[in-house]
Amino acid sequence: MTRQTVIAYWLIPSEPAHSFFQRTINDLAHRNDAPVFEPHVTIHVGADRADAAKDALRDAARECKLIGLTPLGIDQSDEFIKTLFVNFPVSAELRNINGIVRQACKDSSHYQLKPHLSLLYKNLAAATRRELAASINVPLFEVTFDAIKAVRCVSPTESGADVEAWHVVAAASLSDDRV
């Protein structure tokens, strides 16, 4: 598979979810000699164009409010970037922000929205992944996302070194319509 530099667009959870997920990621990384990363849900992956990324985040921040998602449970896979993760449903809000970002980027990538928040990036045996997944409980009925970031990364991400090379090129806050 060809590797290329791309921009990944992330939703970032607000507190208290951000702290819970960051502690979980840090703990799992420490116990499994894996990279530490910021908790996020990827909503789009497109071309490596920082100018388009800034436009996309500006448009998304202007048009989108806070996004709330209900965790569906912990899952695991043999895919490096989905070693251990929290599944979320695809919602109208997610489809909307994905469309805004895709349109602002003028991006024709074929990224498919499959919302999840990764907790660990590490190649592990299936039995170990299943054991870890069974050991985690997400004590949140809903996770609110209040920020969006554009992150330059290599795709596919296949190693800890790839994760450590991620670089935020733009960030924006989503508005809280309760104010």
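Here, residue 1 is the first one in the sequence, and each next residue gets the next number.
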S.K.: Could you grab the distance from atom OG1 of Thr83 to atom CG of Asp75, nearest 0.5 Å is fine?
M.R.: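 The distance works out to 11.5 Å.
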S.K.: Within the side chain of Ser14, is there an N or O that forms a donor-acceptor pair under 3.5 Å with the backbone of Thr144?
M.R.: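 Answer holds: yes.
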S.K.: Roughly how far apart are Asn98 CG and Leu11 CG, rounded to 0.5 Å?
M.R.: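 One finds 10.0 Å between CG of Asn98 and CG of Leu11.
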S.K.: If I take atom CD1 from residue Ile97 and atom NZ from residue Lys65, how far apart are they, to the nearest 0.5 angstrom?
M.R.: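 It comes to 12.0 Å.
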S.K.: Other residues, nucleotides and ligands only: do more than 12 of their heavy atoms fall within 6.0 Å of CG on Asp33?
M.R.: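 Count not over threshold, so no.
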S.K.: With a 4.5 Å cut-off on side-chain heavy atoms, are Leu57 and Lys54 touching?
M.R.: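 In short, these two side chains do not touch, never coming nearer than 4.5 Å.
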S.K.: What do you reckon, is CD of Glu142 surrounded by more than 12 foreign heavy atoms closer than 6.0 Å?
M.R.: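 Yes, the 6.0 Å shell around CD holds more than 12 heavy atoms from other groups.
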S.K.: Using side-chain heavy atoms (C-beta onward) and a distance below 4.5 Å, is Pro71 in contact with Val143?
M.R.: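 Sidechains of Val143 and Pro71: in contact.
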S.K.: Please confirm whether the backbone N or O of Cys105 pairs with a side-chain atom of Arg49, one donor and one acceptor, at under 3.5 Å?
M.R.: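 Confirmed, Arg49 side chain pairs with Cys105 backbone.
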S.K.: Do you know the tightest heavy-atom contact between Phe85 and His116?
M.R.: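 Scanning both residues completely, I find the closest heavy atoms to be CD1-CB, 3.6 Å.
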S.K.: Within this structure, what is the CD1-CZ distance for the pair Ile74 and Arg130, rounded to the nearest 0.5 Å?
M.R.: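 Result: 16.0 Å between the selected atoms.
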S.K.: Test of understanding: clusters of I, L, V, M, F, W, Y form through side-chain heavy atoms closer than 4.5 Å, transitively. Do Phe80 and Val154 belong to the same one?
M.R.: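 They do not share one cluster, since no chain of ILVMFWY contacts under 4.5 Å joins Phe80 to Val154.
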S.K.: Any heavy-atom pair between the side chains of Ile100 and Tyr9 that's under 4.5 Å?
M.R.: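 Tyr9 does not reach Ile100 side chain to side chain.
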S.K.: Looking at CD1 of Ile12 and CD1 of Ile67, how far apart are the two atoms once the value is rounded to the nearest 0.5 Å?
M.R.: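 If I round to the nearest 0.5 Å, the distance is 11.5 Å.
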S.K.: Do Asp59 and Gln103 come within less than 4.5 Å of each other through their side chains, counting heavy atoms only?
M.R.: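 Side chain of Asp59 against side chain of Gln103, heavy atoms only: no contact under 4.5 Å found.
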S.K.: Less than 4.5 Å apart, side chain to side chain, heavy atoms only: is that true for Gln22 and Val36?
M.R.: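 Gln22 reaches Val36 side chain to side chain.
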S.K.: Taking CD in Glu63 as the centre, count heavy atoms belonging to other residues, nucleotides or ligands within less than 6.0 Å. Is the count above 12?
M.R.: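 Check passes, neighbour count above 12.
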S.K.: Closer than 3.5 angstrom, by distance alone: can the side chain of Arg3 be matched with the main-chain N or O of Pro156 as a donor-acceptor pair?
M.R.: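 Yes, because the side chain of Arg3 sits within donor-acceptor range (under 3.5 Å) of the backbone of Pro156.
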S.K.: Taking the six-membered ring for Trp, are Tyr121 and His40 parallel (under 30°), tilted (30 to 60°) or perpendicular (over 60°)?
M.R.: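 Correct class here is tilted.
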S.K.: Minimum heavy-atom separation for Thr70 to Pro89, with atom names?
M.R.: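 Closest pair (atom of Thr70, atom of Pro89, distance): O-CD, 3.1 Å.
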S.K.: Quick one: pull up CG in Leu117 and CZ in Phe145 and give me the separation to the nearest 0.5 Å.
M.R.: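 Output value for this atom pair is 6.0 Å.
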S.K.: Would Phe21 end up clustered with Val168 when hydrophobic side chains under 4.5 Å apart are linked, directly or stepwise?
M.R.: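 Yes; Val168 is reachable from Phe21 via cluster members.
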S.K.: Within the 4.5 Å heavy-atom criterion, are Leu84 and Arg129 side-chain neighbours or not?
M.R.: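 Result no, sub-4.5 Å side-chain heavy-atom pair not found.
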S.K.: Verify the cluster assignment for Trp10 and Val86: are they in a single hydrophobic cluster under the rule of side-chain heavy atoms below 4.5 Å apart?
M.R.: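 Yes; Val86 is reachable from Trp10 via cluster members.
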S.K.: Give the minimum heavy-atom separation between Ala126 and Gln76, together with the two atoms involved.
M.R.: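 Of all heavy-atom pairs spanning Ala126 and Gln76, the closest is O-OE1, 4.4 Å.
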S.K.: Over all heavy atoms of both residues, which pair between Leu174 and Ala61 is shortest? Give the atoms and the distance, please.
M.R.: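 Closest heavy-atom pair between Leu174 and Ala61: CD2-CA, 4.0 Å.
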S.K.: Would a hydrophobic clustering, with Ile, Leu, Val, Met, Phe, Trp and Tyr connected at side-chain separations under 4.5 Å, put Val41 with Val90?
M.R.: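 Yes; Val90 is reachable from Val41 via cluster members.
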S.K.: Is there a donor-acceptor pair closer than 3.5 Å between any side-chain N or O of Asp162 and the backbone N or O of Glu158?
M.R.: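 Present.
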S.K.: Does a side-chain heavy-atom distance below 4.5 Å link Pro115 with Ile43?
M.R.: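 Contact flag for Pro115/Ile43 side chains = no.
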S.K.: Should Ile136 and Leu28 count as side-chain neighbours, where that means a heavy-atom distance under 4.5 Å?
M.R.: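 Yes; the side chains approach each other to less than 4.5 Å.
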S.K.: If every non-hydrogen atom of Ser155 is compared with every non-hydrogen atom of Val6, which pair is closest and at what distance?
M.R.: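 Residues Ser155 and Val6, closest heavy atoms: CB-CG2, 3.7 Å.
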S.K.: With distance as the sole test, does Arg95 use its side chain to make a donor-acceptor pair with the main-chain N or O of Leu113 at under 3.5 Å?
M.R.: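 Here the side-chain-to-backbone pair does not exist.
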S.K.: Please give me the minimum heavy-atom distance between Thr42 and Tyr111, naming the atom from each residue.
M.R.: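 What the structure gives for the nearest pair is O-OH, 3.3 Å.
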